[in-house]
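One-based numbering along the sequence shown.
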Amino acid sequence: MTTQLVPVFHGAISNETILLCNARDLHAFLCVKRDFSTWINDRISEYEFAVNLDYIVFSPNSGKTVGRRRKEYHLTLDTAKELAMVERNDKGRQVRRYFIECEKQLRQKEMHTNPPAEAEEKLTLSITRSELCSLCWVWAAAEYMRETMYATYPALEAIKSSLAPTFYSMGSEYQLTLEAGRKILERETRSLDPHPYTVEDANWRSVLPRLREGWPVL
């Protein structure tokens with residue numbers, strides 16, 4: 001059971017049910033020195049978060065409030081993770097890992113509640129050998145970019161670049177997605193045996209070892 005650092009709850013953005021957190025709770029956990037209103041508005045402007053996509057904003061009990069109405073911001077966990085990282089402190093890193101664990105637990109719960117069908121429908125795709133090779137190289141290029149982003153993150157963090165959180169997130173969180181894609185492509189190319197010398201199979205000879213063994217893309 002994950003210790004609750006910041007309350008996470010279900011909400012809706014653009015008619016999609018999603019995990020959210022209250023920006024005020026995140027602000028308090030991060031021990032931000034600036035007042036909440038200044039902090040959240042500056043971050044939204046600086047990182048160009050979009051209302052009804054990255055967060056929702058509303059004024060609770062607006063009909064009963066006298067004077068200036070207090071605004072509440074509910075953030076998607078992706079937005080919350082980015083806000084946590086840009087604080088560049090232990091609290092930010094801690095709560096970011098916590099949000100990732102919350103998402104993981106939700107996925108596991110959904111899988112348990114809605115287990116996949118025993119015989120999932122299989123699609124019959126019309127694809128040529130060369131097109132399949134191109135898909136393998138798309139995977140290879142994406143994996144190379146992911147590894148490069150992850151390796152570049154420390155340098156961006158050192159110079160306090162605003163891109164540092166994005167590079168860290170994409171470099172670490174896309175790994176599972178790309179690995180799932182690699183396994184599918186490895187399965188679909190298992191029967192292929194490229195000719196060791198022909199020019200036509202040169203691309204296959206380069207990409208298949210990386211695909212099958214998980215070699216780093218050079």
Side-chain angles (χ1 to χ4, degrees), residues 14 16 18-19 47-48 50 53-54 76-79 81-82 84-86 93 96-97 99-159 161-218:
S14 299
E16 179 183 356
I18 193 171
L19 285 179
Y47 294 98
E48 299 181 346
L53 179 64
D54 300 309
T76 67
L77 293 199
D78 282 342
T79 303
K81 285 184 290 186
E82 189 161 353
M85 284 301 298
V86 298
R93 287 183 283 272
R96 180 185 175 279
R97 289 191 294 268
F99 287 139
I100 291 173
E101 183 62 25
C102 288
E103 292 173 323
K104 178 181 176 182
Q105 290 184 8
L106 176 63
R107 287 193 297 269
Q108 291 174 341
K109 182 179 179 181
E110 289 176 341
M111 289 178 63
H112 180 74
T113 305
N114 303 302
E118 292 184 5
E120 186 178 359
E121 179 186 3
K122 292 187 177 181
L123 301 178
T124 301
L125 301 179
S126 177
I127 187 171
T128 66
R129 194 171 186 267
S130 61
E131 288 171 340
L132 182 57
C133 185
S134 295
L135 286 178
C136 292
W137 276 105
V138 168
W139 165 82
E143 175 61 13
Y144 176 72
M145 287 186 282
R146 184 197 68 77
E147 292 176 356
T148 301
M149 286 182 172
Y150 191 77
T152 305
Y153 161 72
L156 294 175
E157 176 71 8
I159 63 174
S161 170
S162 62
L163 291 174
T166 300
F167 271 55
Y168 183 88
S169 295
M170 296 178 71
S172 58
E173 294 176 21
Y174 287 7
Q175 185 173 10
L176 292 177
T177 301
L178 288 172
E179 177 60 14
R182 185 195 70 79
K183 289 179 178 178
I184 295 170
L185 291 170
E186 191 276 334
R187 182 191 69 208
E188 295 301 317
T189 58
R190 196 168 295 157
S191 62
L192 291 178
D193 186 18
H195 192 281
Y197 305 115
T198 62
V199 174
E200 290 80 3
D201 279 356
N203 282 331
W204 279 119
R205 289 196 299 272
S206 296
V207 77
L208 279 183
R210 302 170 184 175
L211 187 72
R212 291 170 175 172
E213 304 299 331
W215 292 2
V217 182
L218 303 178

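Remark: Glu200 does not engage Arg129 in a salt bridge, criterion side-chain N to carboxylate O under 4.0 Å.
At a threshold of 4.5 Å between non-hydrogen side-chain atoms, the residues Trp139 and Leu135 do not count as touching. The closest side-chain heavy-atom distance from Leu156 to Thr152 is below 4.5 Å. Within the 4.5 Å cutoff, the side chain of Leu106 has no heavy atoms near those of the Glu103 side chain. Using a 4.5 Å cut-off on side-chain heavy atoms (C-beta onward), Leu178 and Met145 make no contact. In this structure, Tyr153 and Met170 have side chains that are not in contact, with every pair of non-hydrogen atoms separated by 4.5 Å or more. Annotation: side chain of Gln105 is not in contact with side chain of Leu19 (no heavy-atom distance under 4.5 Å).
Between the side chain of Thr76 and the backbone N or O of Thr79 there is at least one donor-acceptor pair closer than 3.5 Å. With hydrogens and angles disregarded, a donor-acceptor distance shorter than 3.5 Å links the side chain of Arg182 to the backbone of Leu211. Checking side-chain atoms of Arg212 against main-chain N and O of Thr189 turns up a donor-acceptor pair under 3.5 Å. The backbone N or O of Leu163 lies less than 3.5 Å from a partner atom in the side chain of Ser161, making a donor-acceptor pair. At distances below 3.5 Å, at least one donor-acceptor pair connects side-chain atoms of Arg205 with backbone N or O atoms of His195.
For the atom pair OH of Tyr168 and CZ of Arg96, the computed distance is 5.0 Å after rounding to the nearest 0.5 Å. One finds the NZ atom of Lys104 at 5.0 Å from the CD atom of Glu101 (value rounded to the nearest 0.5 Å). Interatomic distance, Leu185 CG to Arg190 CZ, rounded to the nearest 0.5 Å: 11.5 Å.
Considering every non-hydrogen atom in both Pro194 and Trp204, the closest pair reads CG-CB, 3.6 Å. In terms of heavy atoms, Pro165 sits closest to Glu82 at CB-CG, 4.2 Å. A pairwise comparison of heavy atoms in Ile100 and Lys81 identifies CG1-CD, 3.8 Å as the closest pair. When all heavy atoms of Ala151 and Pro154 are compared, the closest pair comes out as O-CD, 3.3 Å. Val86 and Tyr47 get closest at one heavy-atom pair: CG1-OH, 3.3 Å.
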Derivation of the salt bridge (charged side-chain N to carboxylate O under 4.0 Å, His left out) call for Lys183 and Glu186
CA-CA 5 Å; Lys183 289 179 178 178; Glu186 191 276 334; over 6 Å; no
